[in-house]
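Okay, structure first, notes after.
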Amino acid sequence: DAGVTQSPTHLIKTRGQQVTLRCSPKSGHDTVSWYQQALGQGPQFIFQYYEEEERQRGNFPDRFSGHQFPNYSSELNVNALLLGDSALYLCASSSRGLGEKLFFGSGTQLSVL
Amino acid sequence: AQKVTQAQTEISVVEKEDVTLDCVYETRDTTYYLFWYKQPPSGELVFLIRRNSFDEQNEISGRYSWNFQKSTSSFNFTITASQVVDSAVYFCALMGPGTASKLTFGTGTRLQVTL
């Protein structure tokens, strides 16, 4: 049973560019959420997708957008990259419901130069 | 607003020592969930435990144990007889009642276990 898979593992971009990160949830999970983890910090919630719609959003600008596909996989898009967007981006999947535990992928390390 | 504080930035112990990682949380909700995750160098967050606010029973799982005290808003994690493989960053996190899959994380505690 595959867990949460993310691609790519590493990515280098320059300021102003756009990036797309991908996530496949754990089998049986229908909810995907994205987190940004800056170096030395805890993960910060970006947003959650369920039934192909954004359901919750953290304190992130509109440059951060996403999508969920009918097979529950998801993409995170970041436009107009800033140096401060350099971070580990983690995808988590879960079943829909309160208090459900989240299963995380290994993340995509994004470096913005 | 929700907040999780892990005051210990880094802890170093020698193998076989016991170690306790502290977690203090803030929330106005009466229903909430507390979690601990382990993050090894690979980056993946590994789930360790979930506890809801109505269950204050302490839990033991092998060398791991958790002490949940609502009176002090703390959810501490103890590793007994630590091993080198326990070296990682440990995060405490909080989830509110209407925020499914939205975890508020602490800043983490880096545990280094040496021989």
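Below, all heavy atoms of this structure are taken into account, side chains as well, without hydrogens, waters or symmetry copies. Proteins get letters first, then strands, A, B, ... in listed order; numbering begins at 1 in each.
The candidate with the highest count of non-hydrogen atom pairs below 4.5 Å against chain B, out of K101(A), Q109(A), Q41(A), is K101(A). Ranked by heavy-atom pairs under 4.5 Å with chain B, the list Q6(A), R55(A), Q37(A) is led by Q37(A).
No part of Q6(B) comes within reach of chain A, as not one of its non-hydrogen atoms sits under 4.5 angstrom from that chain. Neither the backbone nor the side chain of Y32(B) comes within contact range of chain A; no heavy atoms are under 4.5 Å apart. Contact annotation for T107(B): both backbone and side-chain heavy atoms come within less than 4.5 Å of a heavy atom of chain A. With a 4.5 angstrom heavy-atom cutoff, Q44(A) does not touch chain B via any of its atoms.
Under the 4.5 Å side-chain criterion, counting only non-hydrogen atoms from C-beta, Q18(A) is in contact with N77(A).
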Listing, residues 58-68 of chain A side-chain donor-acceptor contacts under 3.5 Å, not counting sequence neighbours, or none:
from, atom 1, to, atom 2, distance (Å)
R63(A), NH1, N79(A), O, 3.0
R63(A), NH1, A80(A), O, 3.2
R63(A), NH1, D85(A), OD2, 2.9
R63(A), NH2, D85(A), OD1, 3.1
R63(A), NH2, D85(A), OD2, 3.4
Q68(A), OE1, Y50(A), N, 3.4
Q68(A), OE1, E51(A), N, 3.3
Q68(A), OE1, E52(A), N, 3.0
Q68(A), NE2, D30(A), O, 3.2
Q68(A), NE2, Y72(A), O, 3.2

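The cationic atom of K26(A) (NZ for Lys, CZ for Arg) lies less than 6.0 Å from the six-membered ring centre of F103(A) and within 45° of the ring axis.
Heavy atoms of other residues, nucleotides or ligands lying less than 6.0 angstrom from CD1 of I60(B) number 12 at most.
Side-chain atoms of N76(B) and T20(B) form no donor-acceptor pair, as typed in the model, at a separation below 3.5 Å.
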